[in-house]
Amino acid sequence: NGRKDIEVYFVNTEKLDKGGMPAEAQAVLSDGVQTYLRHRGYDDVTELYVDSESYQEDLEKISFNCFMDGYEEVLTIEYLFAEQTLTYSIMYMDEKGGL
């Protein structure tokens, strides 16, 4: 019936919930993230912990990082208001814990 099982979920979403991301973008966020992660070889990731300290919002975009259960890499998510698009990228931690 075209329905897709979403296995990825977010925790620590207080800032995201209070932010300005449109409902339409939030509605497709988990599905988009799951598709991206599977294409990048992170098939087993189910929990994404929103790093509230990384959350940034201005007139152009919203961006935040998510820690992925079982991985040192971090998922970065951006929502661009003008384009009404979500983008995803994998960031790697350096020896000092920075991206």
Side-chain angles (χ1 to χ4, degrees):
N1 62 14
R3 194 176 130 191
K4 186 176 180 180
D5 290 331
I6 305 297
E7 298 172 1
V8 173
Y9 63 93
F10 292 85
V11 295
N12 193 39
T13 61
E14 186 175 326
K15 283 195 175 182
L16 183 59
D17 294 340
K18 292 180 179 180
M21 185 180 294
E24 298 82 14
Q26 289 187 32
V28 298
L29 183 60
S30 291
D31 182 36
V33 165
Q34 181 169 289
T35 300
Y36 176 81
L37 290 174
R38 287 185 174 170
H39 281 83
R40 294 300 215 168
Y42 296 91
D43 303 47
D44 58 340
V45 172
T46 55
E47 181 179 287
L48 295 168
Y49 183 89
V50 177
D51 177 12
S52 57
E53 292 183 20
S54 71
Y55 185 91
Q56 295 180 0
E57 182 172 345
D58 57 31
L59 295 175
E60 294 180 20
K61 70 180 179 179
I62 294 172
S63 65
F64 57 96
N65 296 328
C66 297
F67 299 109
M68 301 185 290
D69 57 328
Y71 291 92
E72 291 183 17
E73 297 90 347
V74 174
L75 174 68
T76 299
I77 299 173
E78 289 187 340
Y79 177 77
L80 305 173
F81 287 107
E83 293 87 2
Q84 298 179 342
T85 58
L86 287 160
T87 61
Y88 316 103
S89 57
I90 300 291
M91 306 295 280
Y92 296 89
M93 303 288 277
D94 63 19
E95 300 83 37
K96 297 179 183 177
L99 298 176

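Atom set for the values below is all heavy atoms of this structure, side chains included, hydrogens, waters and symmetry mates excluded.
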Would you say [X] and [Y] make side-chain contact, with heavy atoms under 4.5 Å?
X     : Y     : value
Val8  : Thr46 : no
Leu37 : Ile90 : yes
Ile77 : Leu29 : yes
Val74 : Phe67 : yes
Tyr79 : Lys61 : no
Tyr49 : Met68 : no

Is Leu80 reachable from Tyr55 through a run of hydrophobic residues whose side-chain heavy atoms are each under 4.5 Å from the next? no
Within one Ile-Leu-Val-Met-Phe-Trp-Tyr cluster: Tyr92 and Leu75, side-chain cutoff 4.5 Å: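 Linked, Tyr92 and Leu75 end up in one cluster.
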Inter-residue atom distance [X].[atom1] - [Y].[atom2], 0.5 Å rounding:
X     : Y     : atom1 : atom2 : value
Glu73 : Ser89 : CD    : OG    : 12.5 Å
Ile62 : Gln56 : CD1   : CD    : 11.5 Å
Ser30 : Phe10 : OG    : CZ    : 5.0 Å
Leu48 : Phe64 : CG    : CZ    : 9.0 Å
Arg38 : Asp44 : CZ    : CG    : 10.0 Å

Which atom pair, heavy atoms only, marks the closest approach of Ser54 to Asn65? OG-N, 2.8 Å
What side-chain donor-acceptor pairs closer than 3.5 Å can you find for residues 13-20, not counting sequence neighbours?
from: Thr13; atom 1: OG1; to: Asp17; atom 2: OD2; distance (Å): 2.9
from: Glu14; atom 1: OE2; to: Lys18; atom 2: NZ; distance (Å): 3.3
from: Lys15; atom 1: NZ; to: Ser52; atom 2: O; distance (Å): 3.4

Check the orientation of Tyr88 and Tyr36. Use parallel for under 30°, tilted for 30 to 60°, and perpendicular for over 60°.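 Judged by the thresholds at 30° and 60°, the geometry between Tyr88 and Tyr36 is tilted.
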Any chance CD of Glu60 has more than 12 other-residue heavy atoms, nucleotides or ligands included, within less than 6.0 Å?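 No.
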Exam field: side chain Gln34 to backbone Asp5, donor-acceptor pair closer than 3.5 Å: yes
